[in-house]
Amino acid sequence: MTMKLIAFAALVAGHMMVFAYPPEYSSYNAHDQYAHAPAPYSFEYGVHDPHTHDVKSQHESSDGHGNVKGSYSLLEADGSTRVVEYTADDVHGFNAVVKKVGSPNYHGQPSSADYYHGHQNVYPSGYHHY
């Protein structure tokens, strides 16, 4: 019985030593490695979906030092186009100029809103959908 206790104690002590000293890892700090390196970027996209009448686009660029310039546009439900041109920097903050191009279409001409209102009611009468 004594032999079993000694063997068990040696086994437990051996395993404890493995867990008592975890391997050392060198510290890694991504913040120091990249040290705020400028990351300029530029992107753009556009959508023109005749089925949903979804028409929009955007482009933006940055010099990587906090100066951003861009614009986006979208077709409004009334047929006009909204254009937003913007800039952002550390000195002036975010500034946007919003323009409306074209006149609203209220004279019975089809517009993007007609897609949403032109469908039949798919629910039976008396049925309330929420």
**Study point:** Linked, directly or transitively: F94 and F43 (ILVMFWY side chains, under 4.5 Å)
**Key:** yes
Exercise for review: Please name the pair of heavy atoms, one in G102 and one in S80, separated by the smallest distance, quoted to 0.1 Å.
Suggested key: O-CB, 3.8 Å
Check your understanding: Would you call E85 and K99 a salt bridge, using N to O less than 4.0 angstrom?
Key -> yes
Check your understanding: Side-chain donor-acceptor pair under 3.5 Å between T81 and S73, yes or no?
Key -> no
Point to revise | Any side-chain donor near an acceptor of the partner, H92 and N95, under 3.5 Å | key: no
Practice item. Applying side-chain contact (heavy atoms from CB on, under 4.5 Å), name anything that partners V98, two or more places apart in sequence or on another chain. Key: R82, V84
Check your understanding: Quick one: do L74 and V101 end up in the same hydrophobic cluster if we chain Ile, Leu, Val, Met, Phe, Trp and Tyr together by side-chain heavy atoms under 4.5 Å apart?
Key -> no
Exercise for review: Looking only at non-hydrogen atoms, find the nearest pair between D49 and H51 and report the distance.
Suggested key: OD1-N, 3.0 Å
Review point. Is it true that Y41 and Y86 fall in one hydrophobic cluster, defined by side-chain heavy atoms closer than 4.5 Å?
Key: yes
Check your understanding: Could you state the interatomic distance from CG (D54) to NE2 (H48), rounded to the nearest 0.5 Å?
Key -> 10.0 Å
Check your understanding: Are the charged groups of K100 and D78 less than 4.0 angstrom apart, N to O?
Key -> yes
Practice item. Give, for atom NE2 of H53 and atom CG of L75, the distance between the pair rounded to the nearest 0.5 Å. Key: 9.5 Å
Exercise for review: Please check if any side-chain donor atom of Y72 sits under 3.5 Å from a side-chain acceptor atom of E60, or the reverse.
Suggested key: no
